[in-house]
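For this chain, numbers begin at 1 and follow the sequence in order.
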Amino acid sequence: MKFYSRKGFSMMAISSFLLFLSLFCLVNECYIPFVVILATLFYLLWTIFDTHYVISDNKLHYKSALLKGSIEISSIVEIRKNKTMFAGLRPATASKGIIIRYNKWDDIYMSPANADAFVQALMAANPAIKVR
């Protein structure tokens, strides 16, 4: 099953601001800031439109621009819904999402568009997961 990330308002607002700023730099012939801002805008848009999660073969695969990896669903211990994590691994684009604890000390923050269906799919693969 493939789940896409929820698009956060702040990411879209920052993208719009960067687009405006890059056009302002281009009009005023500031080419170096234009290239830097345009590269930042490209990476941000890449993150927004290429963040997704796939559940297959008893693994949870995640991808967000350059950040990608997989987690064994059997190693997931706990899922916390409607939380925010400010530090750590964050293949997400929204501020409210889920925190997945796996192995002994590992955490990852994700923001699937349909969190309930995402959690249900994980619970179907591993019923021992605690949901808080």
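With respect to Ser64, the side chain to side chain donor-acceptor pair (under 3.5 Å) criterion is satisfied by exactly one of Thr93, Asp50, Thr51: Thr51. For the side chain to side chain contact (heavy atoms under 4.5 Å, CB included) test with Tyr102, the passing option among Ile108, Ile79, Ile129 is Ile108; the others fail.
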**OP:** Quick one: do Thr84 and Arg90 satisfy side-chain contact (heavy atoms from CB on, under 4.5 Å)? Show the steps, please.
**Re:** CA-CA 10 Å; Thr84 301; Arg90 290 182 51 114; 4.2 Å; yes
Original post:
Yes or no on side-chain contact (heavy atoms from CB on, under 4.5 Å) for Leu89 and Leu67, after CA distance, side-chain angles and deciding distance?
Top reply: CA-CA 9 Å; Leu89 192 56; Leu67 185 63; 3.4 Å; yes
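Taking every heavy atom of both residues into account, His52 and Tyr4 meet most closely at CB-CD2, 3.9 Å. In plain terms, the two heavy atoms of Tyr62 and Pro91 that are nearest each other are CD1-CG, 3.7 Å. Heavy-atom minimum distance, Ala92 versus Tyr53: CA-OH, 3.7 Å. Summarising the geometry of Arg101 relative to Lys104, their closest heavy-atom pair is NH2-O, 3.6 Å, with the distance given to 0.1 Å. Looking at every heavy atom in both residues, Ala121 comes nearest to Met1 through CB-SD, 3.7 Å.
The backbone N or O of Trp105 lies less than 3.5 Å from no partner atom in the side chain of Asn103, so there is not a single donor-acceptor pair. Looking only at distances, no side-chain donor or acceptor of Tyr109 sits under 3.5 Å from a matching main-chain atom of Gly88.
Aromatic ring orientation, Phe3 versus Phe118: perpendicular (interplanar angle above 60°, classes split at 30° and 60°).
Enclosure of atom NZ in Lys63 by more than 12 non-hydrogen atoms of other residues, nucleotides or ligands within 6.0 angstrom is indicated.
Residues Ile99 and Ile76 do not share a hydrophobic cluster, clusters being chains of Ile/Leu/Val/Met/Phe/Trp/Tyr side chains in contact below 4.5 Å. Note on Ile48 and Val54: separate hydrophobic clusters, where clusters join Ile, Leu, Val, Met, Phe, Trp and Tyr whose side-chain heavy atoms are under 4.5 Å apart, directly or indirectly.
Atoms CD1 and CG, on Ile73 and Leu122 in that order, are 5.5 Å from each other to the nearest 0.5 Å. A distance of 11.0 Å separates CD1 of Ile71 from NZ of Lys59, quoted to the nearest 0.5 Å. Interatomic distance, Phe49 CZ to Leu44 CG, rounded to the nearest 0.5 Å: 9.5 Å. Atom CG in Asn82 sits 10.5 Å away from atom OG in Ser95 (nearest 0.5 Å). Once rounded to the nearest 0.5 Å, the distance linking CG of Leu60 with CD1 of Ile100 reads 5.5 Å. Atom OG in Ser75 sits 9.0 Å away from atom CG in Asn58 (nearest 0.5 Å).
At a cut-off of 3.5 Å, with distance as the only test, a side-chain donor of Ser111 or Ser5 sits close to an acceptor on the other residue.
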Scan the side chains in residues 17-39 for donor-acceptor partners under 3.5 Å anywhere in the protein, sequence neighbours excluded, and list what turns up.
| residue | atom | partner | partner atom | Å |
| --- | --- | --- | --- | --- |
| Ser22 | OG | Leu18 | O | 3.3 |
| Ser22 | OG | Leu19 | O | 2.8 |
| Asn28 | ND2 | Phe24 | O | 3.3 |

